[in-house]
Amino acid sequence: MKDATRYASAKALYQTFGVDTETALAKLSEFPISMHCWQGDDVNGFDREGALSGGIQTTGNYPGRARNAAELMADIEKALSLIPGTHRLNLHASYAIFQPGQWADRDALLPEHFAPWVEFARKHKLGLDFNPTFFSHPFADTGRTLSNEDSKIRNFWIRHTVCCLRIAEYFARELGTPSTLNIWIPDGLKDIPADRARPRKIYKEALDEILATPYDRKLVNVTIESKVFGIGFESYTVGSHEFYLNYAAKNNVLCLLDSGHFHPTENIADKIPSLLLYADKVALHVSRPVRWDSDHVLRLDDMLRDIAHEIVLAGSDRILLALDYFDASINRIAAWVLGMRNMQKALLAALLDPNEKLSALQEKGDFSQVLVLQEECKSLPFGDVWDEYCRRAGVPERADWFNAVSEYEQTTLSKRI
Ligand code: RNT
Ligand code: ZN
């Protein structure tokens with residue numbers, strides 16, 4: 001059957017459920033996704049040599065990792081050419097680009113060290129988001145950064161975060177779209193602490209000091225990301241969920257929920273509407289935990305669909321949506337494209353559900369019909385609507401995008417030895 005015919009018949013079928021596919025397609029394009037730059041180089045960054053630290057890990061040795069800014073930009077460009085829609089790029093401070101002789105430590109980073117990224121973002125119509133990098137640095141070696149007992153180390157990281165606030169303001173000003181500045185620190189302890197309160201008190205005061213720095217709240221959304229544990233910090237995490245929930249509420253900053261940072265049966269979908277009762281926005285790192293915070297590439301699974309459902313109900317102006325995973329065992333561009341496309345597929349599927357009708361049924365207490373309708377929707381031809389979205393966006397349909405990835409692997413990635 002012709003593609004246009006398939007779309008037309010899907011459209012007619014959805015109409016019988018009271019769903020307009022054109023509205024769904026238009027809405028889908030309103031959800032920019034911040035694509036994480038760090039999938040392309042296994043979270044290495046450019047500012048120093050040395051191993052990844054902070055209790056996070058990439059596994060796999062798939063050839064072709066980007067080794068410098070030019071390669072990373074080329075790879076991101078390739079990925080974007082296969083992803084429908086206009087999106088954002090999420091950078092870490094460790095991705096500063098220094099001209100010869102310009103190297104600066106993390107507490108002396110300047111907007112000019114990110115000027116090539118702004119140029120790149122402009123070229124691709126991307127907004128930019130930003131993250132201070134509290135790992136892969138000698139001052140993070142003890143596993144304590146902003147919660148460090150040593151004021152010399154702590155102040156270094158406070159200065160770093162303030163530099164990052166300035167850089168995020170610069171991104172927002174240059175690109176005309178607010179920038180999310182996400183604070184995630186790895187700080188924790190391997191074994192059961194003698195004192196759980198003290199590191200949190202030190203950290204709280206460090207955050208207070210950082211946020212006492214004036215910054216333009218219209219330009220920068222400060223978010224704080226919680227976690228349960230890290231590798232080597234299994235027993236205690238300073239920045240726990242409860243710590244940040246209350247800190248965010250009291251200090252007018254936003255919580256960031258990473259879908260891999262909770263207990264394995266916990267689903268962040270359920271947390272989104274709860275937080276939105278009290279906060280203007282919620283930020284997300286959508287990831288896929290497999291038994292632990294493993295940061296696998298997104299699959300179109302039930303967890304993702306559930307998260308997408310809550311995002312769609314909340315609306316694009318209340319969610320700061322970003323992806324966060326790093327798989328080094330497969331082609332890294334395929335990892336980006338698949339995750340970005342799956343996130344959008346999940347959003348589209350949620351937009352195509354008869355959500356108003358389902359809510360009305362719940363309100364009436366007709367739970368049998370809720371269940372029946374929810375299940376029926378799973379076999380509606382949402383793939384035909386997705387293919388139409390890709391067609392209109394001028395990107396390859398179905399798995400055809402993988403041909404471009406394979407070709408790029410042959411011509412470019414395989415030459416990186
Ligand atoms: C780590 C956090 C954090 C990082 C990135 C690189 O567990 O999820 O968001 O993945 O900042
Ligand atoms: Zn994260």
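These numbers come from the heavy atoms of this one structure, side chains and all, not from hydrogens, waters or symmetry mates. Counting starts at 1 for both ligands and their atoms, in listed order.
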Is the distance from the Zn ion (ligand 2) to some N, O or S atom of His261 under 2.8 Å?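 Looking at His261, which is the residue asked about, there is no N, O or S atom under 2.8 Å from the Zn ion (ligand 2).
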Hey, could you give me the CG/CE distance between Leu323 and Met343, rounded to the nearest 0.5 Å?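 CE of Met343 is found 7.0 Å from CG of Leu323.
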Check all N, O or S atoms of Asp324 and name the one closest to the Zn ion (ligand 2).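 In Asp324, the N, O or S atom with the shortest distance to the Zn ion (ligand 2) is OD2.
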Of all N/O/S atoms in Glu225, which lies nearest to the Zn ion (ligand 2)?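 Closest to the Zn ion (ligand 2) among those atoms: OE2.
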Please enumerate all residues that pass ring-ring contact (aromatic ring centres under 6.0 Å, His included) together with His285, with sequence neighbours excluded.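 For His285, no residue satisfies ring-ring contact (aromatic ring centres under 6.0 Å, His included) once neighbours in sequence are set aside.
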Backbone or side-chain N or O of [X] under 3.5 Å from ligand 1 N or O:
X      : answer
His261 : yes
Trp184 : no
Asn182 : no

How about Trp157 and Phe139: are their ring centres within less than 6.0 Å of each other?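 No, ring centres 6.0 Å or more apart.
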Looking only at the aromatic ring of each residue, does the gap between the centers of His113 and Phe98 stay below 6.0 angstrom?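 Aromatic pair counts; centres sit under 6.0 Å.
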Location of contacts on Asp293 toward ligand 1, heavy atoms closer than 4.0 Å: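 Near ligand 1, Asp293 shows its side chain, while the N, CA, C and O stay back.
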With heavy atoms under 4.0 Å as the rule, classify the contact between His36 and ligand 1 as side chain, backbone, both or neither.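 For His36, no heavy atom sits under 4.0 Å from ligand 1.
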If you measure from the Lys or Arg side-chain nitrogens to the Asp or Glu carboxylate oxygens, is any gap between Lys123 and Glu119 under 4.0 Å?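 No, no charged N to carboxylate O under 4.0 Å.
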